[in-house]
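Have a look at the structure below, then the notes.
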Amino acid sequence: MPKLIVINVDGDRRELDVAVGKSVMQVVRDSGYDLEGACEGALACATCHVHVDAAWYPKLESVSIDETDMLDFADEPSGTSRLSCQIVMSDDLDGLVITVPRAP
Ligand code: FES
């Protein structure tokens, strides 16, 4: 079972076991973080925005045009911003590190 490392804005770090096929948004939200995921992964909001660790960012599937458009609405985006509903956990992503931004 792959692990997801989640860091919050205060720097607290948790390691979560994640079922393959679950989106990072689902896992983070279900783990009690303040990540809304308002559109449930339909790419119609930016409330699932996270910052991906710089070393991991290039290992993810590339960002679609629709995701790029929606990231324009994210609060304080960075060069490694992603919409977490578009990141689906797999064994290849074992150890993925993300930071959950402060809720707007
Ligand atoms: Fe709306 Fe990810 S939950 S775009």
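Side chains included, hydrogens not; waters and symmetry mates left out as well; all remaining heavy atoms used. These numbers come from a predicted model, not from an experiment. One-based numbering, in listed order, for ligands and for the atoms of each.
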Any donor-acceptor N or O pair under 3.5 Å, side chains Ser81, His49
yes

Between the side chains of Ser78 and His51, is a donor N or O closer than 3.5 angstrom to an acceptor N or O?
yes

Atom of Arg102, atom of Val9 and distance for their closest heavy-atom approach
N-CG1, 3.1 Å

Spell out, as yes or no, whether a donor-acceptor pair under 3.5 Å connects the side chain of Trp56 to the backbone of Leu93.
no

Cationic N near anionic O, under 4.0 Å, Glu40 to Arg29
yes

Under 2.8 Å from atom 1 (Fe) of ligand 1, which protein N/O/S atoms are there?
Cys39 SG, Cys45 SG

When rounded to the nearest 0.5 angstrom, what is the spacing between NZ in Lys59 and CG in Leu96?
9.5 Å

